[in-house]
Amino acid sequence: MKFEGVDYYNVDELLSDEEKMTKDMVRDFLEKEIEPLVVGAFHQEEPLNMRELAPRMGELGIIGAVIPKEYGAAGANYVTFGLICQELERVDSSLRSFVGVESGLVMYPIWKFGSEEQKNKWLPLLAKGEAIGCFGLTEPNRGSDVASMETVAKKDGNKWVINGTKQWISEASVADIAVVWARTDDGVRGFLVERGTEGFSQTFQNHKGSMRAGDVGELGFSDCVILSDNILPKTEGLRSTFMCLNQARYGIACGAIGAAMDCYETALNYAKEREQFGSPIASYQLVQDKLVTMLIEITKGQLLAYRLGRLMDEGKARHQQISMAKKNNVSVARMCARTARELLGANGVSLDYSPMRHMANIESVYTYQGTDHIHTLILGYDITGIPAFAQTQ
Amino acid sequence: MPNMIVCVKQIADPEAPAGSFRVDESANQVVPAAGVSQVVSPFDEQAVEAALRIKDAHGGKITAISLGKSFVMDVIKKPLSMGSDELILLQDPAFEGADSRSTAYALAMAIKKVGEYDVIFCGRQAADWDAGQVGSGIAEFLGIPSVTVAKKVEFLDGKVKVERVTSDGYEVIEVSTPALITISNELGEPRYPKLKGIMAAAKKEVPTWTAQDIGADASQLGTAGARIKLLKVFQPVKEGKCEIIEGESPEEAAANLALKLREAKLI
Ligand SMILES: Cc1cc2nc3c(=O)[nH]c(=O)nc-3n(C[C@H](O)[C@H](O)[C@H](O)COP(=O)(O)OP(=O)(O)OC[C@H]3O[C@@H](n4cnc5c(N)ncnc54)[C@H](O)[C@@H]3O)c2cc1C
Ligand SMILES: Cc1cc2nc3c(=O)[nH]c(=O)nc-3n(C[C@H](O)[C@H](O)[C@H](O)COP(=O)(O)OP(=O)(O)OC[C@H]3O[C@@H](n4cnc5c(N)ncnc54)[C@H](O)[C@@H]3O)c2cc1C
């Protein structure tokens with residue numbers, strides 16, 4: 001049966017035909033083609049084969065959906081992109097991670113800060129899923145505090161020489177192209193580093209308890225030499241980096257609600273069928289209280305994501321508003337995954353049901369793209385005017 | 001390049017559990033619960049797919065036609081988003097209460113108005129009532145040949161080669177155009193719409209034709225044109241009884257079971 005997600009406040013009525021049709025298409029595609037692969041990938045920690053799946057997603061137009069048509073993408077709006085993320089994460093956070101990274105962290109910077117040659121070379125390939133990109137910002141010693149990053153790029157004639165390590169990078173080991181942020185004499189700049197470049201290594205990182213269906217790894221730069229036209233010419237310090245993060249954070253705000261919706265639906269259906277003490281557990285007040293709490297938080301999160309999408313489309317979204325939606329909606333997903341897990345009793349810890357997998361995945365989502373604390377600090381700074389990020393500002 | 005027409009019907013999701021449908025015995029109607037979504041009848045999506053495969057190979061034009069009421073635009077536009085060129089909706093109170101015959105008549109009149117066509121596709125049956133008569137009915141009204149339950153359709157100039165599903169395999173049939181072909185699920189999965197196709201479909205203006213627009217004879221439409229009368233729709237009462245057949249040994253139990261079955265005149 002066609003899945004009908006929880007929509008208590010008729011948010012669907014606010015969507016255009018285009019947005020609704022996209023949501024249905026992505027849902028249908030994922031249910032038939034990808035969902036059956038996810039549990040195995042998670043269990044084995046053998047990432048979904050994006051070499052095979054990305055071209056199929058690309059053909060449907062769901063990678064880099066907001067990038068203009070002239071570069072081979074769909075030129076859709078942000079609400080559509082958000083719904084794509086919601087459906088992807090309803091299945092598994094690693095899928096939304098993939099599309100979020102490709103769209104917001106790889107295609108977006110190339111489109112915004114790249115030269116015309118860079119755009120023409122990479123955007124159509126990335127949109128089709130024929131090339132895969134990654135985004136290298138986090139380092140072993142620098143996570144939240146990206147301003148003090150240690151990776152450096154030194155200009156040497158018409159070349160750049162990069163040294164440093166990027167850790168916890170989604171799609172690190174499969175990427176054909178890495179958008180890498182490094183310190184230069186001229187502040188932080190973005191660079192494009194291609195697979196196979198001398199001095200550039202890409203490794204897969206296992207032993208994760210979260211995002212096990214996705215690829216995460218390390219990028220190493222040891223006197224890695226790239227030509228000077230591989231710099232993203234229009235990057236201007238960390239401001240440019242944060243513009244990319246805003247794109248991906250919006251995708252997370254929408255995606256996390258997808259994961260929460262799946263947890264809620266799973267728990268509701270289970271509670272209606274599971275009988276204990278002579279009646280369905282859904283008939284007990286304690287259980288109803290939990291279901292209702294999930295429903296209310298999901299509904300608020302949906303409205304937040306929807307409104308943010310419209311603001312993005314109008315070009316009016318402030319980054320603090322994006323922070324609020326990311327922080328809130330990921331917390332909602334975290335709570336729903338845990339609650340659904342609980343309502344499923346022992347079955348809740350089994351990977352045969354989705355909540356435990358969502359619960360594990362959401363821990364990554366809670367931390368990446370700005371930890372929950374960092375978004376609190378961004379909002380705190382915004383309303384008080386007092387930055388509280390560092391001991392001495 | 002072939003001109004193709006595909007007839008598609010919007011129905012309540014046939015995969016919704018039986019329990020979400022209610023039978024209104026006084027009105028002789030089956031009423032889906034509020035939460036059941038509308039979809040394009042799956043066989044009709046496959047009919048669109050059959051046309052698209054021909055378009056992929058030969059080019060041409062695909063016009064989808066749907067007769068119904070309460071169209072949900074993001075559902076009924078799916079044939080467009082998959083790659084059809086036009087969509088025409090037939091909606092008029094005069095069409096209501098139709099049986100297969102009066103539905104086929106209205107669709108045939110609309111197809112005449114479209115004008116040029118080489119191949120008309122329908123699903124083998126609509127997945128709500130499963131009557132499977134509209135396709136052949138349209139062919140009859142248009143006076144053209146029809147081939148039912150196809151699993152593969154090839155367009156050759158002036159004729160169409162069809163693989164038609166039979167109970168133990170398939171037969172290969174050639175039919176001259178214009179022809180009507182009904183498509184079976186053996187054709188394979190319909191393609192997913194692409195985001196660009198969805199965006200174009202959402203923007204596309206879709207005309208709605210009334211009985212007058214298609215020049216239909218009112219006495220042939222809807223209830224007036226129906227030749228079949230639905231007498232009774234009801235929910236059968238299922239009685240489940242279970243009896244354990246005992247026996248000292250498995251052999252004896254089996255013999256007792258055989259005896260019981262014979263008494264019940266089941267064997
Ligand atoms: C699955 C996964 C995929 C990832 N993919 C990518 C990727 O593709 N590209 C990329 O660049 N990075 C990626 N990351 C890394 C991610 O962005 C970082 O983990 C994140 O920014 C946090 O950095 P950290 O892990 O070093 O934690 P830290 O910054 O060391 O933080 C540790 C804890 O301290 C808290 N903290 C830090 N500073 C403060 C403060 N001032 N006040 C209060 N609390 C504070 C944090 O909130 C956190 O709870 C990924 C991470 C994961 C788990
Ligand atoms: C790793 C693991 C090891 C285990 N080992 C053992 C073992 O060695 N031996 C053994 O016998 N069992 C074992 N168990 C089973 C465990 O004891 C049960 O899972 C537990 O008793 C809950 O039962 P259930 O899973 O059937 O959940 P259910 O009883 O179906 O409960 C599902 C949900 O409904 C709620 N609920 C149920 N009834 C009510 C009510 N009246 N009012 C409000 N809420 C209600 C529950 O709190 C829960 O949230 C193990 C479980 C796990 C996960």
Side-chain angles (χ1 to χ4, degrees), chain A residues 1-8 10 12-13 15-34 55-77 79-81 83-84 87 99 103 127-129 265 268-269 272-273, chain B residues 8 10-21 32-42 44-46 48-49 52 56 64 71-84 87 89 127-128 185 188-206:
Chain A
M1 184 188 164
K2 203 172 131 188
F3 176 90
E4 287 299 322
V6 43
D7 183 17
Y8 207 72
N10 305 359
D12 254 16
E13 286 177 14
L15 303 178
S16 68
D17 287 343
E18 174 180 323
E19 291 155 358
K20 281 187 272 195
M21 287 165 93
T22 305
K23 185 183 66 172
D24 280 352
M25 174 271 279
V26 179
R27 192 170 275 182
D28 196 26
F29 167 72
L30 292 172
E31 268 171 19
K32 291 205 187 101
E33 314 285 333
I34 301 195
R56 298 175 70 189
M57 293 184 179
E59 202 198 345
L60 298 179
I62 62 180
I63 303 177
V66 300
I67 305 293
K69 285 199 174 90
E70 55 187 298
Y71 298 113
N77 66 8
V79 172
T80 300
F81 171 51
L83 291 165
I84 292 171
E87 291 309 312
V99 168
S103 308
K128 282 196 211 115
E265 298 276 342
L268 177 65
N269 291 333
K272 288 200 284 199
E273 271 168 25
Chain B
V8 295
Q10 178 186 310
I11 62 172
D13 187 349
E15 283 176 41
S20 50
F21 292 88
V36 175
S37 49
Q38 295 285 306
V39 297
V40 172
S41 178
D44 298 350
E45 280 189 13
Q46 280 163 318
V48 175
E49 176 63 29
L52 286 167
D56 290 343
F71 286 114
V72 179
M73 289 318 272
D74 58 280
V75 171
I76 200 60
K77 278 188 166 182
K78 188 163 182 191
L80 282 176
S81 67
M82 289 168 73
S84 303
L87 170 67
L89 302 179
D128 50 0
N185 45 306
E189 288 290 313
R191 67 197 59 192
Y192 300 101
K194 297 179 178 148
L195 183 44
K196 281 182 190 168
I198 288 174
M199 292 166 71
K203 278 197 199 79
K204 190 153 179 91
E205 293 283 334
V206 174

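Convention: sequence-line order gives letters A, B, ...; per-chain numbering from 1.
- Annotation: maximal heavy-atom pairing with chain B below 4.5 Å, among A:Ile62, A:Leu15, A:Asp17, A:Asp28, occurs at A:Asp17.
- Residue A:Thr80 touches chain B through its side chain alone, counting heavy-atom pairs closer than 4.5 Å.
- For A:Glu19, no part lies near chain B; criterion is any non-hydrogen pair under 4.5 Å.
- For B:Ala201, the part lying near chain A is the side chain, with the backbone staying farther off; criterion is any non-hydrogen pair under 4.5 Å.
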Exercise. Determine, step by step, whether A:Lys32 and B:Glu189 satisfy the side chain to side chain contact (heavy atoms under 4.5 Å, CB included) criterion, reporting the C-alpha distance in whole Å, the side-chain angles of both residues, the deciding distance to 0.1 Å, and the verdict.
Key: CA-CA 10 Å; A:Lys32 291 205 187 101; B:Glu189 288 290 313; 3.8 Å; yes
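- Chain B forms the most heavy-atom pairs under 4.5 Å with one residue out of A:Ala65, A:Gly75, A:Gly61, and that residue is A:Gly61.
- A 6.0 Å sphere centred on NZ of B:Lys194 holds no more than 12 heavy atoms belonging to other residues, nucleotides or ligands.
- With a 4.5 angstrom heavy-atom cutoff, A:Ile84 touches chain B only via side-chain atoms.
- Within the model, atoms CE of A:Met25 and CZ of B:Arg191 stand 14.0 Å from one another, a figure rounded to the nearest 0.5 Å.
- Taking B:Lys78, B:Lys196, B:Met73, B:Met199 one by one and counting their heavy-atom pairs under 4.5 Å with chain A, the maximum is reached by B:Met199.
- The closest side-chain donor-acceptor pair between A:Glu33 and B:Tyr192 falls under 3.5 angstrom.
- Of the options B:Asp74, B:Leu195, B:Leu80, a side-chain contact (heavy atoms from CB on, under 4.5 Å) to A:Met21 is made by B:Asp74 and by none of the others.
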